[in-house]
Amino acid sequence: MNRSPNNLAVLAGGISSLILTMGIARFTYTPALPRMQEDLGLGDDTAGLLAAMNFAGYLSGALLASSLGDNRIKERLFRAGLILAVLCNALLPLTESIPVWSLLRYLSGLSSAAGMVIGTSLVLEYLTRQGVRQLVGVHFGGVGVGIVLTALALGGADSPLNWKLTWWASALLGILFVLPAWFWVRGGRGASHPQAGQPIAWRELGRPFLYLTGSYFFAGASFAVGTTFIIAVIQTNPDLVGFDRSAWLLLGLAAAPSCYLWVRWAARLGNLQTLLAAYLIQTIGLLLPLWGTGSATLAGGLCFGFTFMGIVAMVLSQAGHLAQHNPARLMGLLVTSYGVGQISGPLVAGQLMVQSGNPQVALWLAAILSGAGTLLAIGTRERSALVTTRCPQPG
């Protein structure tokens with residue numbers, strides 16, 4: 001395997017971009033939310049709305065990015081996303097206006113798409129040219145590393161940081177990763193993607209594709225609800241004081257190597273079988289914090305963090321198998337399905353939490369959504385086979 005200094009620099013830049021645009025720009029909201037609710041009386045319904053706005057921004061950015069062909073434009077938008085990621089976190093504490101917060105979270109979602117979709121495509125193109133495409137699994141570890149850094153830097157319920165300082169601290173932390181991503185992530189000059197404009201043979205795809213699309217919708221909704229509310233739910237249990245930070249830290253530590261490991265297992269055991277195992281572990285992980293013990297809560301964070309990236313990789317790999325001759329458009333439809341799930345999940349969860357007065361409803365809902373994704377994934381069995389999986393770009 002070629003690990004030249006240039007390859008390592010590109011990987012370091014890609015990891016830095018995901019730490020900033022995903023781990024910090026997107027996931028600061030999870031540890032910050034309980035502090036905003038305590039200091040400002042922010043309701044669960046509003047919390048769900050702000051989460052949905054972030055995911056709406058990500059979906060918009062992902063759809064825009066998927067239509068880009070010119071790598072020079074990609075590089076400009078990628079770098080704009082890096083700046084936007086820091087600015088949105090820095091500006092949010094300057095106001096308590098919900099409409100302004102909604103706009104900032106939407107723009108932060110755009111920055112996440114710039115890092116995850118555009119940045120990953122630039123890194124992947126470079127690694128492919130160098131003949132080391134398999135290193136992209138290392139690149140995706142940046143998501144988990146970013147979550148770990150937010151856990152270490154922002155702390156849990158016992159942190160001395162109030163909600164404003166939490167956001168400003170995350171912005172300062174994010175600045176550290178702008179320059180490596182800015183200078184080390186570059187694209188080539190390839191620009192054509194002929195498959196993107198070709199129609200899908202819907203009749204050929206048939207029922208397995210419909211099942212997979214539905215499964216990915218539920219995966220997006222479960223992921224969004226879980227990552228938005230898991231810390232807030234843990235903090236409502238007085239028996240779990242101090243476990244919120246540890247659970248979030250374990251979630252990030254588990255996420256960092258997860259994509260690489262799930263890909264290897266899928267290549268050996270079969271993509272669908274491994275996908276179902278990941279779904280099952282994720283569902284259990286979302287339920288464990290409801291057990292009310294510290295050990296169960298930590299195990300839940302570990303299971304949840306270890307699976308959500310793997311599910312993305314294996315669903316998109318299964319899609320590539322279903323549409324072997326024209327996967328590009330199918331991937332776009334799955335990204336849309338996942339994004340709609342991400343937007344609707346927190347909205348529904350927030351409303352249910354308000355109406356029931358029970359914050360644990362959020363994790364129950366996330367687990368039910370994950371279970372539904374599992375059942376629908378089984379419907380792709382008739383066209384499944386032992387396929388070679390890679391880590392595609394998450395929806």
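Note that the numbering runs from 1 along the sequence shown for the chain. From a predicted model like this one, the values you see are computed outputs, not experimental measurements.
One hydrophobic cluster, built from ILVMFWY side chains closer than 4.5 Å, cannot hold both Phe243 and Val241; they sit in different ones. No chain of hydrophobic side-chain contacts below 4.5 Å, direct or via other Ile, Leu, Val, Met, Phe, Trp or Tyr residues, connects Ile284 to Ile230. Hydrophobic clustering keeps Leu288 apart from Phe223 (ILVMFWY residues linked when any side-chain heavy atoms are closer than 4.5 Å, directly or through intermediates). Under the 4.5 Å side-chain heavy-atom criterion for ILVMFWY residues, a single connected hydrophobic cluster contains both Leu87 and Phe78. Leu84 and Val178 fall within the same hydrophobic cluster, where Ile, Leu, Val, Met, Phe, Trp and Tyr residues are linked whenever their side-chain heavy atoms come under 4.5 Å apart, directly or through other members.
When side chains are defined from C-beta on, Met116 does not count as touching Thr21, because their heavy atoms never get closer than 4.5 Å. No side-chain heavy atom of Leu33 sits less than 4.5 Å from a side-chain heavy atom of Trp163. At least one side-chain heavy atom of Ser222 sits less than 4.5 Å from a side-chain heavy atom of Leu286. In this structure, the side chains of Leu161 and Arg35 come closer than 4.5 Å at one or more pairs of heavy atoms. In this structure, Ile98 and Trp101 have side chains that are in contact, with non-hydrogen atoms separated by less than 4.5 Å. Contact of the Ser108 side chain with the Tyr58 side chain is not registered, since no non-hydrogen atoms from C-beta on lie closer than 4.5 Å. A 4.5 Å side-chain heavy-atom check between Leu20 and Ser16 finds every atom pair outside the cut-off. At a threshold of 4.5 Å between non-hydrogen side-chain atoms, the residues Leu92 and Arg105 count as touching.
Atoms CG and OG1, from Leu18 and Thr120 in turn, are 5.0 Å apart once rounded to the nearest 0.5 Å. The CG atom of Leu154 sits 9.0 Å away from atom CZ of Arg245, with the distance rounded to the nearest 0.5 Å. Separating the CZ atom in Phe229 from the CD atom in Gln360 is a distance of 14.0 Å, to the nearest 0.5 Å. For the atom pair SG of Cys259 and CD1 of Ile311, the computed distance is 11.5 Å after rounding to the nearest 0.5 Å. Put simply, CG on Leu94 and CG on Leu104 are 9.0 Å apart, with the number rounded to the nearest 0.5 Å.
A 6.0 Å sphere centred on CH2 of Trp265 holds more than 12 heavy atoms belonging to other residues, nucleotides or ligands.
Here the shortest heavy-atom pairing between Thr283 and Ser370 reads OG1-OG, 2.8 Å. Of all the heavy atoms in Leu280 and Thr374, the pair that sits closest is N-OG1, 4.4 Å. The two residues Leu212 and Val315 have their closest heavy-atom pair at CD2-O, 3.8 Å. The nearest pair of heavy atoms linking Ala232 to Gln37 is CB-OE1, 4.1 Å. Residues Leu275 and Met314 come closest through the heavy atom pair N-SD, 3.6 Å. Across all their heavy atoms, Leu63 and Thr336 have their closest contact at CD2-OG1, 3.3 Å.
Listed by chain and number, the residues in a side-chain contact (heavy atoms from CB on, under 4.5 Å) with Phe218 are Leu369, Ala372, Leu376 (sequence neighbours excluded).
Checked against the 6.0 Å centroid criterion, the rings of Phe306 and Trp262 qualify as a close aromatic pair.
Classification of Glu125 and Lys74 as a salt-bridged pair holds, one side-chain N sitting under 4.0 Å from a carboxylate O.
Checked by atom type, the side-chain pair Thr150/Trp248 shows a donor-acceptor distance below 3.5 Å. Tyr126 and Asn6 form no side-chain donor-acceptor contact under 3.5 Å, judged by distance and modelled atom types alone.
The side chain to side chain contact (heavy atoms under 4.5 Å, CB included) with Val233 is formed by just one residue from the set Thr228, Thr297, Leu240, Leu363; it is Leu363.
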Check against side chain to side chain donor-acceptor pair (under 3.5 Å), Tyr106 and Ser60: CA-CA 9 Å; Tyr106 178 85; Ser60 302; 3.0 Å; yes
Chi angles and distances behind the side-chain contact (heavy atoms from CB on, under 4.5 Å) call for Tyr216, Val312: CA-CA 8 Å; Tyr216 208 40; Val312 166; 3.4 Å; yes
side-chain contact (heavy atoms from CB on, under 4.5 Å) between Leu165 and Asn162, intermediate numbers included: CA-CA 5 Å; Leu165 291 177; Asn162 61 24; 3.4 Å; yes
